[in-house]
Amino acid sequence: QVQLVESGGGSVQAGGSLRLSCQAFGWLPLQYCVVWFRQAPGKEREGVASIYTGSGTTYYADSVKGRFTISKDNTKSTVYLQMDSLKPEDSAMYYCATAAFVPGDSWSHEGRYKNWGQGTQVTVSS
């Protein structure tokens with residue numbers, strides 16, 4: 001069983017930055033995929049960014065390209081989401097999730113992921 005713990009959420013003004021962390025505990029495969037999703041009230045959950053811990057391949061939603069950066073520290077079993085130039089529409093609960101393997105064209109399909117964290121709230125004020 002894999003446990004995921006997110007941290008780093010908070011409240012910032014538009015244009016500000018936050019860095020989210022997702023640390024994994026328990027048995028992990030040698031390589032796996034980690035994704036960040038977000039869900040705002042009344043909206044569907046959407047994929048934000050993903051990274052493969054082996055290759056380092058990354059994917060981003062169009063809405064965050066150029067502003068968010070996903071990275072990893074395999075020694076700490078931790079994935080980060082650096083969020084810059086934040087906008088009010090980035091406000092949401094952010095979740096990380098993992099899967100052993102997810103095809104690149106399915107990285108944002110939440111049904112592919114088995115292990116989920118509890119979420120961390122991000123609020124961006126205008």
Side-chain angles (χ1 to χ4, degrees):
Q1 185 72 19
V2 176
Q3 182 182 8
L4 302 175
V5 179
E6 301 107 328
S7 61
S11 298
V12 296
Q13 291 190 328
S17 299
L18 284 173
R19 189 178 80 156
L20 307 184
S21 298
C22 171
Q23 188 170 13
F25 298 90
W27 184 87
L28 296 165
L30 191 61
Q31 302 179 59
Y32 53 98
C33 177
V34 181
V35 65
W36 284 98
F37 283 91
R38 66 185 180 187
Q39 187 168 24
K43 294 187 177 182
E44 293 186 354
R45 191 174 297 183
E46 64 169 340
V48 176
S50 72
I51 188 166
Y52 290 82
T53 62
S55 65
T57 301
T58 58
Y59 296 92
Y60 294 92
D62 289 342
S63 58
V64 306
K65 282 181 181 177
R67 301 188 298 122
F68 291 11
T69 304
I70 191 169
S71 62
K72 61 184 177 72
D73 184 341
N74 290 344
T75 65
K76 297 180 180 179
S77 300
T78 299
V79 167
Y80 304 98
L81 185 67
Q82 178 67 40
M83 306 186 295
D84 298 318
S85 302
L86 283 162
K87 304 175 181 179
E89 51 263 43
D90 294 319
S91 297
M93 185 70 80
Y94 283 70
Y95 302 88
C96 66
T98 66
F101 175 76
V102 178
D105 59 358
S106 300
W107 73 268
S108 61
H109 296 185
E110 60 179 293
R112 293 278 189 173
Y113 298 90
K114 303 300 183 183
N115 304 298
W116 291 79
Q118 81 288 351
T120 186
Q121 179 69 41
V122 171
T123 303
V124 184
S125 58
S126 57

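These numbers come from the heavy atoms of this one structure, side chains and all, not from hydrogens, waters or symmetry mates.
Ring orientation note: the planes of Tyr94 and Phe68 are tilted relative to one another, at an angle of 30° to 60°. Aromatic ring pairs are classed by plane angle as parallel below 30°, tilted from 30° to 60° and perpendicular above 60°; the pair Trp116 and Tyr95 is perpendicular.
Here the shortest heavy-atom pairing between Gly119 and Glu6 reads N-OE1, 2.8 Å. Heavy-atom minimum distance, Val122 versus Gly9: CG2-CA, 4.2 Å. Closest approach of Gly47 to Ser108, counting heavy atoms only: CA-CB, 4.1 Å. In terms of heavy-atom proximity, Ala92 sits nearest to Ala40 at CB-N, 3.8 Å.
Side-chain atoms of Thr75 never come within 3.5 Å of backbone atoms of Asp73 as a donor-acceptor pair (strictly under, hydrogens ignored). At distances below 3.5 Å, at least one donor-acceptor pair connects side-chain atoms of Asn74 with backbone N or O atoms of Thr53. Listed for the Gln82 side chain is no donor-acceptor partner under 3.5 Å among the backbone atoms of Ile70. When atom types are taken as modelled, the side chain of Ser91 and the backbone of Val124 share a donor-acceptor pair closer than 3.5 angstrom. Side-chain atoms of Tyr113 do not come within 3.5 Å of backbone N or O of Cys96 as any donor-acceptor pair.
Following chains of ILVMFWY side-chain contacts shorter than 4.5 Å, one can reach Tyr60 starting from Met83, so the two form part of one hydrophobic cluster. Residues Leu4 and Met93 do not share a hydrophobic cluster, clusters being chains of Ile/Leu/Val/Met/Phe/Trp/Tyr side chains in contact below 4.5 Å. Grouping the Ile, Leu, Val, Met, Phe, Trp and Tyr side chains by contacts below 4.5 angstrom, directly or via other members, places Leu81 apart from Trp107. A continuous path of ILVMFWY side-chain contacts below 4.5 Å connects Val102 to Phe37, so both sit in one hydrophobic cluster. No continuous path of hydrophobic side-chain contacts links Val48 to Val35 [ILVMFWY only; heavy atoms under 4.5 Å].
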Practice prompt. For side-chain contact (heavy atoms from CB on, under 4.5 Å), just list the numbers for Tyr59 and Ile51, CA-CA rounded to whole Å, side-chain angles, deciding distance to a tenth of an Å, and then say yes or no.
Written response: CA-CA 7 Å; Tyr59 296 92; Ile51 188 166; over 6 Å; no
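The closest side-chain heavy-atom distance from Cys22 to Val5 is not below 4.5 Å. You'll find the side chain of Arg38 reaches within 4.5 Å of the side chain of Glu46, heavy atoms only. Counting heavy atoms from C-beta outward, Tyr80 and Lys72 have side chains that stay 4.5 Å or more apart.
Asp90 has no carboxylate O lying under 4.0 Å from a charged side-chain N of Lys87, or vice versa, which leaves the two without a salt bridge.
A donor-acceptor contact closer than 3.5 angstrom links the side chains of Asn115 and Thr98.
Residue pairs meeting the side-chain hydrogen bond (donor to acceptor under 3.5 Å, both in side chains) criterion with at least one partner in residues 8-37, sequence neighbours excluded, are Ser17-Asp84.
Here Ser7 contributes atom OG and Gln118 contributes atom CD; the two are 8.5 Å apart, rounded to the nearest 0.5 Å.
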